Amino acid sequence: MSHEHVSNTKRIWLVFGILSVVTTVEVILGIIKPESLHMTNFIGMNLLNWIFIILTIFKAYYIVWAFMHMEGETTILRRSVVWTVIFLILYLTFILLTEGNYVFGVFKDATIKWNF
């Protein structure tokens with residue numbers, strides 16, 4: 001019984017290319033900070049931050065999908081892992097937005113001044 005070794009070089013380069021393109025877009029947007037995205041608010045944050053969050057979630061999901069071999073697992077296991085992570089990310093985003101708004105309100109309305 002011999003097992004044939006399958007080379008995944010093409011797949012690895014594809015994953016590397018996709019993740020590199022997404023990271024390059026994030027870096028370019030972070031350096032340029034387009035005025036139309038940076039100064040437009042949507043649900044408590046500017047659009048540029050939402051784009052960063054969405055691209056980061058995409059990269060995290062794709063890394064789990066490709067390098068942790070989730071595409072070969074059963075549907076129930078994939079869903080349980082992905083749904084749990086999505087719930088935690090949404091929960092943490094909600095906490096960050098809520099607490100960030102609270103801290104902004106405290107510094108805006110109080111005698112304490114911004115020193116950072």
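These numbers were taken from a predicted model, which means no experiment stands behind them. Heavy-atom basis, side chains included; hydrogens, waters and symmetry copies ignored.
Within the structure, no pair that satisfies the salt bridge (charged side-chain N to carboxylate O under 4.0 Å, His left out) test touches residues 45-56, not counting sequence neighbours. Sorted by first and then second residue, the side-chain hydrogen bond (donor to acceptor under 3.5 Å, both in side chains) pairs involving residues 80-97 (not counting sequence neighbours) form an empty list. Contacts classified as salt bridge (charged side-chain N to carboxylate O under 4.0 Å, His left out) and involving residues 82-96 (residues at least two apart or in different chains) are not found. Here salt bridge (charged side-chain N to carboxylate O under 4.0 Å, His left out) pairs that include residues 32-56, with residues two or more places apart or in two chains, number zero. Counting only residues at least two apart or in different chains, ring pair (Phe, Tyr, Trp, His ring centres under 6.0 Å) contacts with residues 8-33 comprise Trp13-Phe16. Pairs passing the side-chain hydrogen bond (donor to acceptor under 3.5 Å, both in side chains) check and including a residue from residues 15-27, sequence neighbours excluded, read Thr23-Lys59, Glu26-Thr56, Glu26-Lys59. Sorted pairs that involve residues 86-98 and meet salt bridge (charged side-chain N to carboxylate O under 4.0 Å, His left out), not counting sequence neighbours, are lacking altogether.
In this structure, Val85 is not a member of the same hydrophobic cluster as Leu96, with clusters built from ILVMFWY side-chain heavy atoms closer than 4.5 Å. In the hydrophobic clustering of this structure, Phe94 does not group with Trp50; members are Ile, Leu, Val, Met, Phe, Trp, Tyr whose side-chain heavy atoms approach within less than 4.5 Å, directly or through other members. Taken together through direct or relayed side-chain contacts under 4.5 Å among Ile, Leu, Val, Met, Phe, Trp and Tyr, Ile12 and Leu14 form parts of separate hydrophobic clusters.
In the hydrophobic clustering, where aliphatic and aromatic side chains (Ile, Leu, Val, Met, Phe, Trp, Tyr) are joined below 4.5 Å either directly or transitively, Ile28 groups with Ile32.
Atom CD1 of residue Ile89 and atom CD1 of residue Ile57 lie 4.5 Å apart, to the nearest 0.5 angstrom. Summarising the geometry, atom CD1 belonging to Ile54 is positioned 9.0 Å from atom CG belonging to Leu47; distances are rounded to the nearest 0.5 Å.
For Leu29, the side chain to side chain contact (heavy atoms under 4.5 Å, CB included) partners are Val25, Pro34, Leu37, Leu48, Ile51, Phe52, not counting sequence neighbours. Under the salt bridge (charged side-chain N to carboxylate O under 4.0 Å, His left out) criterion, Arg11 pairs with Glu71, sequence neighbours left out. Among residues two or more places apart in sequence or in another chain, the side chain to side chain contact (heavy atoms under 4.5 Å, CB included) test is passed with Val81 by Met70, Leu77. The ring pair (Phe, Tyr, Trp, His ring centres under 6.0 Å) search around Tyr62 returns Phe58, not counting sequence neighbours.
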